[in-house]
Amino acid sequence: MSGLIMENIRHAFGESQILKSVSLVAESGKLTCLLGPSGCGKTTLLRLAAGLETIQHGCIKLREKLVAHSEQGLCLAPEKRGIGLMFQDYALFPHLNVFDNIAFGLPELTTERRDWIEKSLVRLGISKHRNSFPHVLSGGQQQRVALLRALAPQPEILLLDEPFSGLDVTRRAQIREETLTFLKECDVAVLMVTHDPDEAMFMADHIVIMKSGKVVQAGTPVQIYFHPATAFVAELFGEMNHFEGIVKNGQVETPLGAYSIPSVPDDQKAKVLVRMEGIQISMGHNKTAHQDKHLTFGHIHEVYLLGRSSHLHVHVPGPDNSDEVILHVRVPGVLKPEFDAAVTVWTDEKQVFVFGVDDTDT
Ligand code: ATP
C-alpha cells in the first residue's frame, strides 16, 4: 500500500523553479531515500509532503487520502496530515525532559502511549535519561529522542531530513543500523532525505535520485548501483575511471578493451565509466590470470593506504598502444606494492557502464 504519493509537483521560490514536475511513491512499511546533490530540491520536496510549504502545482496523497491539491486549493496543515517529522538539528525542546519531549505531540497521553514510550526508551537504550534535559544528552541520544518524538503519535508516514548528518563518523554507522531496525519494527512508511549514497544504499528499500529539481532514476539499491540510467547516477557512488571513444562496429575501445554499445550509432562518441573497485589486479604480468577479454598489463605508480582499502594509480597502455593512461583502482585491505611493480589488470563487468555522450540527466 502507498504511504505517500506525490504527483507532478512543481515548486518555485521567486523566479527560481526548484522542483520541475516530480512524482514519487513511498510505500508503507518501506524506507524510501531521496538522494541527490546539495540544492537539488530534496528538502523542499519533503517540506511539501509535510505541509510546511504551500503546494503550487500537483497533488499529494497520504494513505490514499488527498492532503494537497493545487487545482482544488487544498493544502492541509502539517498537524492534520498524520506525519512524523525529524530534522537534522533534532529541534528538541530545551525546557522539557526526554519523556515530555517525546510525549509533546500526543493529543492525549493514554496508558497505551505511555507504555509505548517507556518500552521504546528501554528498547533504544536511553531509559536512564528519561528525566534528563536535552543539553546533557549526546548527539546520538538526542537523535533517538527526536525519532521517538516523531513516532509517538503513530504517524502514517515519517519524514526524515538528513537524520544522521549531525553525528560523528564513528557513531553514525551504529546509530543508523539501530534506527533502521527500530523503524522496521514500527512498520511505518519512511521518506528520508540524504546526500550520502552509502547511507541510502544501507538503509533504503527504494532510492529516488534527484538532480536539479527532477527525478533522474528510481529503483532498489541494487538496480540503482548496478544499472545506473545515466553517468550522473553512476558517479554518485564514488570516483569512476572515464574513457571516451568513437563507436566502431557497435563497440568503443578503452585501455581495458572494447565494450559494446548498441544504443549509439557508429562514428558517434561514447563514454565508458568503470568503478575504482570494478578494476581487479594481480601482481606480475600473467596472460592466464583471468579469463577476460578485457585483460591488460600495467605498472603501479602511486599507492595511498586508506586503512580499510588501498587506492592505487596503475599505468596501462592506451587503446591501440597509444599514450599510457592512469587507472584509479581501489582494492580491499592494505596493499603496498613497490613503485613500478608489474600488474595484470581486468574488470568486473558489473561495474562497467557505457553511455552515449549525449545521454543527459535533465
Ligand atoms: P541540501 O542537501 O543542501 O539540503 P536540498 O537538495 O535539500 O539541498 P533544498 O533545500 O530543497 O535542496 O533547496 C533547493 C534550492 O531551493 C536551493 O537553491 C535553495 O537555496 C532554494 N531554497 C530553499 N528554500 C528556499 C526558500 N524558502 N526561499 C528561497 N529559496 C529557497
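Every number for a ligand or one of its atoms is a count from 1 in the order of the listing.
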Compute the centroid of each ring, for His11 and then for His57, and state whether the two points are separated by less than 6.0 Å. no
Using a plain distance cutoff, I'd like to know if Gly39 has any nitrogen or oxygen under 3.5 Å from a nitrogen or oxygen of ligand 1.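 By distance alone, the answer is yes.
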Give yes if a backbone or side-chain nitrogen or oxygen of Cys40 is under 3.5 Å from a nitrogen or oxygen of ligand 1, and no if not. yes
Once you restrict to heavy atoms under 4.0 Å, what part of Ser16 touches ligand 1? Side chain, backbone, both or neither.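 Neither part.
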Establish whether atom 2 (O) of ligand 1 and some protein heavy atom are separated by less than 4.0 angstrom.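 Looking at atom 2 (O) of ligand 1, one finds that a protein heavy atom does lie closer than 4.0 Å.
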I'd like to check atom 15 (C) of ligand 1 in this structure: does the protein have a heavy atom lying under 4.0 Å from it? yes
Between Arg172 and Asp198, does any side-chain N to carboxylate O distance fall below 4.0 Å? no
Identify whether the distance between the nearest side-chain nitrogen and carboxylate oxygen of Glu156 and Arg81 falls below 4.0 Å.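 Not counted as a salt bridge, because no side-chain N and carboxylate O are separated by less than 4.0 Å.
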Identify the protein heavy atom lying closest to atom 12 (O) of ligand 1, giving its residue, its atom name and the separation to 0.1 Å. Gly41 N, 3.4 Å
Any chance CZ of Phe104 has more than 12 other-residue heavy atoms, nucleotides or ligands included, within less than 6.0 Å?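 At most 12 heavy atoms, drawn from other residues, nucleotides or ligands, come within 6.0 Å of this atom.
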Whether Arg149 engages the ring of Tyr90 as a cation-pi pair (distance to the six-membered ring centre under 6.0 angstrom, angle to the ring normal within 45°) should be assessed. no
Please check this pair: side chain of Arg113 against backbone of Ala152, looking for a donor-acceptor N/O pair closer than 3.5 Å.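 Pair found, side chain donor or acceptor close to backbone of Ala152.
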Hey, looking at atom 4 (O) of ligand 1, which of Thr43, Thr194, Ile18 has the closest heavy atom? Thr43
